[in-house]
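Below is a structure I'd like to ask you about.
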Amino acid sequence: MSNPKQPAASAPTTAITPTREENYAEWYQQVVRAADLAENSDVRGCMVIKPWGYATWENVQRVLDRMFKDTGHKNAYFPLFIPLSYLEKEAEHVEGFAKECAVVTHHRLQPGTKADGKPGLVPAGELQEPLVVRPTSETIIGASFSKWVQSYRDLPLLINQWANVVRWEMRTRLFLRTTEFLWQEGHTAHATSEEAMVETLKMLEVYADFAENWMAMPVIKGEKTEGERFPGAVNTYCIEAMMQDRKALQAGTSHFLGQNFAHSSDIKFSDANGSVSFAWTTSWGVSTRLIGGMIMTHADDDGMVLPPRLAPAHVVIIPVTHKPETAQAVHDYCVKLAADLRTIHYAGRTIDVELDARDIRGGDKAWQWIKKGIPLRVEVGPRDMEQDSVFMARRDRGHKEKVSVKRDEFLATIVQTLEDMQSGLFARAKAHREANTQRIDSRAEFEAFFGVKNEAESEETSSGGSVKGGFALAHYAPDPAVEDELKAKFAVTCRCIPVDGNDEPGTCIFSGKPSSRRAVFAKSY
RNA sequence: CGGGGUGUAGCUCAGCUUGGUAGAGCGCUUGCUUCGGGAGCAAGAGGCCGCAGGUUCAAAUCCUGUCACCCCGACCA
């Protein structure tokens, strides 16, 4: 494939322009579009999740839902609308979310004159009390919990809901931060502080397990410092992943809420001795942001790369049928191959197959699937059929690197091949994180590692290849003032204080105070 | 809410300075030739130039107003 307009030495072409090196943020948008995962809606800040993206989310849901049920949780559904007064009950909670709430004030439209003087429909029937579109559901679920919990025998109460929420963000990006997004939120109530904390950490573990073993995205489990804590929580735990541009992505959170929401929602129970106590609650969630994490962890300059275990389809069969005399036979052969593949079990379901018999050119077709990130592509033409073999390409290898495999062998090894890709993706992502994680032992080293803010920004827009930083592991005695300064000067935040048990005494590189372990610092999404 | 920018075909944009009946590329439709890795040629469909005023014989173009969106900041899963 040569480009007549360019000299022979022209750079290799990529399916996505710009490349990650050239402009990471724009590359991300282009991958989402080229992979047909989602698109912008006419509604500001909202996205349309397209079938390929939604099917990926459905796989996330299916696997996580099983994990939640296996840990004793039940699904339920609570209203989209939250009375304003509910939100006002928990002081920190209001403060945290008030600035980004969509508020419903009317319940009817009627013909009238709009603000711009034109005739049209105008809101009528003002509500006595405005309703807030849930930015999260602690308060309204708390209201139910207070009714459901009377006795210690009602505890623990382990509930999850799959829902949409709305947070009126200033700046949005597909999957990573949209005004409306899909998520799950777990809400639990317990008799003791200890039990609630065990739950909080158990679900953190579930998230880490899912991220690493299903998304192939290595994560660091840790606790947030005060400034990054969920509004109203006593402790917030998180999983943090490193994206290919070395920025951190918070991929999931689990909160120990203490008795804060039990107080504000009046969740009380009588214990075995007949004395009344407030319950201890937790909440935890992951969202469609995970899809953004998958993209930024695995995708390359040719588009999406899906971890096989969560891919909407594992393999696409592309019949090569441009010779009319063999077209029908090839097609029949492919239908049979698809049927046989669909009997094979993999990662909790059967192999999902796309048989792409569309009447478009083969090269174009193959590239569409490359961009969508399907793990395996197999071409079957008359020559392959004669030899009873398929021509297979893996998405984690070069797009020209194809091998002829006997049909039986292909069927016998496909599970192993997919698992191989799955673990390969994880290993690659982990190696990238480790290569860009540094132990930092002084403030000077820290500043050199991240550079000053303005410098970093100009680098980002021009050549992403020289962006400084990554994960810095430094001793730190938590202090909000220090974090404010780091954010202002370096656009760096304390991502978390890891809970991996690797305690190590030292001194804070900012204050010189004693520190019992290293924290993770990074630029973040 | 501050600072910058942009509204023209489904998408990306040119045209505007210097007014003269609407353009390109991609995509789409049809036909022919191609076809084991992003095809070529030909024909075709598709736009009240964001909206409202004004200037003018004449406005995508100049003027005024307005709305929307985008980017940068403050805020965030």
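Labels below follow one simple rule: chain letters A, B, ... track the order of the sequence lines, proteins then strands, and each chain is numbered from 1. Reckoned from all heavy atoms, side chains included, excluding hydrogens, waters and symmetry mates.
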Rounded distance in Å between the P positions of B/rU8 and B/rC70: 14 Å

Base, sugar-phosphate or nothing for A/Arg173? Non-hydrogen atoms, less than 4.0 Å. nothing

Given atom CG of A/Leu64 and atom P of B/rA77, what is their separation to the nearest angstrom? 19 Å

Pair A/Lys406 + A/Asp408, salt bridge at N-O below 4.0 Å: no

Select one nucleotide: of B/rC75, B/rA77, B/rG38, the one nearest the side-chain heavy atoms of A/Asp364. B/rG38

Nucleotide of B/rA77, B/rG36, B/rC69 approaching A/Arg289 most closely (side-chain heavy atoms): B/rA77

Integer-rounded Å distance: B/rC75 P and A/Glu228 CD: 11 Å

Side-chain N,O (A/Arg361) to OP1/OP2 (B/rA39) below 4.0 Å: yes

Quick one: on RNA chain B, does A/Gly45 or A/Glu169 contact a more 5' nucleotide (nearest heavy atom)? A/Gly45

If we call it a pair only when both distances are under 3.5 Å in a Watson-Crick or G-U wobble match, what pairs with B/rU18? none

In whole Å, what is the span from the OH atom of A/Tyr525 to the P atom of B/rC75? 19 Å

So, OP1 or OP2 of B/rC72: does either fall under 4.0 Å of a side-chain N or O from A/Arg171? yes

Under 6.0 Å from the ring centre and within 45 degrees of the ring axis: does the NZ or CZ of A/Arg173 meet both conditions for the six-membered ring of A/Tyr28? yes

When the C1' atoms of B/rG20 and B/rG4 are considered, how many whole Å apart are they? 34 Å

5'-most by nearest nucleotide on RNA chain B - A/Ile16 or A/Phe230: A/Ile16

Find the distance A/Asp359:CG to B/rC35:P and express it as a whole number of Å. 15 Å

Between A/Trp183 and A/Trp284 (judged by ring centroids, cut-off 6.0 Å), do the two rings come close enough to count as a pair? no

Aromatic A/Trp52 / basic A/Lys50 pairing, under 6.0 angstrom, 45° off normal: no

B/rC70 phosphate, OP1 or OP2, under 4.0 Å from A/Arg44 side-chain N/O: yes

Base, sugar-phosphate or nothing for A/Ser287? Non-hydrogen atoms, less than 4.0 Å. base

So what does A/Glu379 touch, heavy atoms closer than 4.0 Å: a base, only the sugar-phosphate, or nothing? base

Grab the CD1-P distance between A/Ile318 and B/rC35 for me, whole Å please. 19 Å

Which part of the nucleic acid does A/Ile370 contact within heavy-atom distance under 4.0 Å: base, sugar-phosphate only, or nothing? base

Planes under 30° and centres closer than 5.5 Å, is that true for A/Phe181 with the base of B/rA77? yes

C1' gap between B/rA59 and B/rC51, integer Å: 15 Å

Of the candidates B/rA77, B/rC35, B/rG38, the side chain of A/Thr178 sits closest to B/rA77

Separation of the C1' atoms in B/rG25 and B/rG46, to the nearest angstrom: 15 Å

Distance, C1' atom - from B/rC57 to B/rG15, rounded to whole angstrom: 23 Å

In whole Å, what is the span from the CG atom of A/Asp384 to the C1' atom of B/rG36? 8 Å

Pair assignment for B/rG25, Watson-Crick or G-U wobble, requiring both distances under 3.5 Å: B/rC11

If we take the C1' atom in both B/rG47 and B/rA24, what is their distance in whole Å? 14 Å

Separation between the P atoms of B/rG50 and B/rG10, rounded to whole Å: 13 Å

Identity of whatever pairs with B/rC69 - Watson-Crick or G-U, under 3.5 angstrom: B/rG5

Nucleotide B/rA77, atom P - distance to CH2 of A/Trp168 in whole Å: 18 Å

Checking all strands, does A/Ala15 fall into the base, sugar-phosphate, or nothing category for heavy-atom contacts under 4.0 angstrom? base

Any strand, both distances under 3.5 Å, Watson-Crick or G-U wobble: B/rG46 pairs with none

Any strand, both distances under 3.5 Å, Watson-Crick or G-U wobble: B/rA39 pairs with B/rU33

Close side-chain approach of A/Val104 and A/Val133, heavy atoms under 4.5 Å: yes

Hey, does A/Lys224 reach any base, or is it just sugar-phosphate, or nothing, if we go heavy atoms under 4.0 Å? nothing

Lys/Arg cation over aromatic A/Tyr86: A/Lys89, 6.0 Å, 45° cone: yes

Looking only at atom P, what distance separates B/rG23 and B/rU64, rounded to whole Å? 29 Å

Partner of B/rC75 under the Watson-Crick or G-U wobble criteria, both distances under 3.5 Å, comes out as none

Over all atoms of both residues, closest heavy-atom pair of A/Val31 and A/Met304: CG1-N, 3.8 Å

Using a heavy-atom cut-off of under 4.0 Å over every strand shown, decide if A/Leu176 touches base, sugar-phosphate, or nothing. base

Under a 3.5 Å cut-off for both contacts, is B/rC62 paired Watson-Crick or G-U wobble with anything, and if yes, with which nucleotide? B/rG54

Grab the CD1-P distance between A/Ile360 and B/rG27 for me, whole Å please. 12 Å

Tell me what A/Gly381 touches on the nucleic acid: a base, only sugar-phosphate, or nothing, going by heavy atoms under 4.0 Å. base

Taking only Lys NZ, Arg NE, NH1 and NH2, and the carboxylate oxygens of Asp or Glu, determine whether A/Lys221 and A/Glu205 approach each other closer than 4.0 Å. yes

